There are 2 protein chains.
Amino acid sequence: MYAPYILVCEDEERLRKLIVKYLINEGYNAIEAKTGKEALDIFFEQSIDLLILDIMLPEYDGWSVCRSVRKESNIPIIMLTARSDEGDRIFGFELGADDYVTKPFSMKELMMRVKALLKRTRNISGEEKTTLGDITIDSKAHKVYVKDKEVDLSPKEYDLLHYFSQNIGIAVSREKILDKVWGYDYYGDLRTVDTHVKRLRKKIDISDVKIETIRGIGYRLEVNHE
Amino acid sequence: MYAPYILVCEDEERLRKLIVKYLINEGYNAIEAKTGKEALDIFFEQSIDLLILDIMLPEYDGWSVCRSVRKESNIPIIMLTARSDEGDRIFGFELGADDYVTKPFSMKELMMRVKALLKRTRNISGEEKTTLGDITIDSKAHKVYVKDKEVDLSPKEYDLLHYFSQNIGIAVSREKILDKVWGYDYYGDLRTVDTHVKRLRKKIDISDVKIETIRGIGYRLEVNHE
DNA sequence: TTAAATGTGTCAAATAAGTGACAATACAAG
DNA sequence: CTTGTATTGTCACTTATTTGACACATTTAA
């Protein structure tokens with residue numbers, strides 16, 4: 001059983017330690033960051049499943065961190081703030097925060113929100129069925145359907161689609177794709193990604209899910225809602 | 001007569017002991033787990049026929065445990081919850097729980113549900129006869145019929161088919177098959193599985209039950225409904 | 001218009017799975 | 001205990017699919 005990794009970014013030591021203690025008690029892995037910079041460093045270095053983020057931070061405030069993380073990932077973000085200002089809240093959601101907790105708050109409340117968010121996203125990226133527009137990925141059966149018709153994907157195509165499905169709407173570089181789908185130790189041509197994208201595109205042709213090209217960067221999976 | 005093994009995962013000691021006592025009184029084998037982690041450890045180690053699972057648990061909540069178990073098995077799962085929240089209930093069913101009991105409940109009620117679920121699934125994994133499309137497995141007599149004609153399977157072939165029958169539509173790796181059919185301590189060639197799949201396929205040739213190959217992964221039993 | 005980036009068809013090599021043969025083993029009957 | 005038979009696991013060989021690379025076509029942005 002996998003225990004999710006939660007990054008806690010909060011400059012006030014007592015509160016940070018308290019949150020971490022509670023998280024560990026709930027069976028999570030908790031990682032601490034004191035500053036925004038530190039949080040980003042950790043985030044880009046290891047695989048984080050959820051981020052608890054104070055807004056008032058030294059070295060990049062919560063907003064900046066949130067924005068940077070969102071460019072790269074869809075992991076749930078919970079923002080903490082001392083102010084209960086409604087504007088902040090709206091601004092936070094705009095930036096892509098998933099939840100918002102106003103200080104002071106009870107640890108119980110925070111834990112409930114953590115649990116709820118993980119529950120939600122685990123459902124999406126997790127092991128059951130994932131729906132992307134008219135594509136369904138049944139990872140238990142290892143099957144993919146487009147408009148309820150099963151399509152036959154090769155292992156790499158499946159892995160690639162699965163990776164994209166976890167990064168909907170996010171531009172991913174060829175380097176990162178190679179890293180995540182082929183493995184960090186894979187040594188090969190970057191353009192190999194292009195070839196596989198080509199093949200995958202062909203197979204999900206009739207879908208409204210499209211793999212967009214981001215010139216100079218890489219690719220991005222888009223779900224066209226109609 | 002085989003007494004089913006029931007794993008009770010509940011952190012509250014009094015309730016756990018009570019459930020166990022009733023189960024034993026009904027003639028079942030009951031095994032206790034205090035935390036989600038403990039439950040998973042036990043589940044992956046021994047053969048469990050039914051799982052009674054509290055939602056609020058230390059070290060992995062009920063949802064996580066349910067999901068992990070479902071990745072591996074179709075055994076019936078009964079979820080217990082303090083809240084009668086409808087959303088939880090729906091979420092539970094989505095994750096693959098078979099039944100749902102809201103606290104407080106009577107032991108009589110719980111026992112009835114246990115019995116009902118075991119009866120339903122005993123047909124699948126247990127004592128009597130299992131039907132997969134046009135294949136019937138009579139586990140009591142250790143006989144297999146395809147289109148009402150008995151086929152002669154070797155012990156390993158029988159075990160393999162039986163294992164597949166408990167994982168209909170689920171992708172299973174060669175490793176897992178070796179683990180579950182040959183035993184976790186078996187040391188041998190992965191490709192042995194291929195050979196046995198070949199033999200089994202030949203014998204259930206005329207059936208509409210097929211063992212599909214999943215390249216790079218393993219196999220999957222499919223029942224073609226016509 | 002041009003240079004850089006991306007799309008795409010093709011192909012050889014690599015990888016994975018299917019299969020038949022065989023020796024070792026287990027097992028049952030005499 | 002011995003013999004004959006079925007079962008099992010491994011291996012080598014065959015077949016099928018997948019993969020990565022590359023050359024050339026096309027698109028894009030400046």
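As the structure is a prediction and not an experimental result, all values here were calculated from the model. Each chain gets a letter, A, B and so on, in the order its sequence line appears, and its residues count up from 1.
At least one donor-acceptor pair under 3.5 Å links the side chain of B:K203 to the backbone N or O of B:D152.
When each of A:L153 and B:H196 is assigned the nucleotide of DNA chain D with its nearest heavy atom, B:H196 is the one assigned upstream, toward the 5' end.
Note on residues 179-193 of chain B: pairs passing salt bridge (Lys or Arg N to Asp or Glu O under 4.0 Å), not counting sequence neighbours, are B:R191-B:D194.
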Requested in this report: For A:T213 and A:R201, run side-chain hydrogen bond (donor to acceptor under 3.5 Å, both in side chains): C-alpha distance rounded to whole Å, both residues' side-chain angles, the deciding distance at 0.1 Å, then the answer.
Outcome: CA-CA 11 Å; A:T213 302; A:R201 275 175 172 160; 2.8 Å; yes
Query raised in the report: Could you walk me through whether A:R199 and A:E157 pass the salt bridge (charged side-chain N to carboxylate O under 4.0 Å, His left out) check?
Result: CA-CA 8 Å; A:R199 289 174 185 152; A:E157 286 158 5; 5.2 Å; no
Query raised in the report: Going through the distances and angles, do A:E72 and A:R70 end up as a salt bridge (charged side-chain N to carboxylate O under 4.0 Å, His left out)?
Result: CA-CA 5 Å; A:E72 295 261 331; A:R70 266 293 166 273; over 6 Å; no
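At the heavy-atom level, A:Y187 lies nowhere under 4.0 Å from the strands shown. Within the nucleic acid shown, A:Y158 has no heavy atom closer than 4.0 Å to any nucleic acid atom.
Across its full length, the helix from C:dT1-D:dA30 to C:dG30-D:dC1 shows an angle of 40° between the axes of its 5 terminal pairs at either end, rounded to 10 degrees.
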Requested in this report: Classify every nucleotide of nucleotides 13-21 of chain C by which part a protein heavy atom approaches to under 4.0 Å, writing B for the base, S for the sugar-phosphate alone and - for neither, in 5'-to-3' order.
Outcome: ---BBBBBB
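Residue B:T192 has a polar side-chain atom (N or O) positioned under 4.0 Å from OP1 or OP2 of D:dT10. Between A:W182 and D:dT19, a side-chain N or O to OP1/OP2 separation shorter than 4.0 Å is absent.
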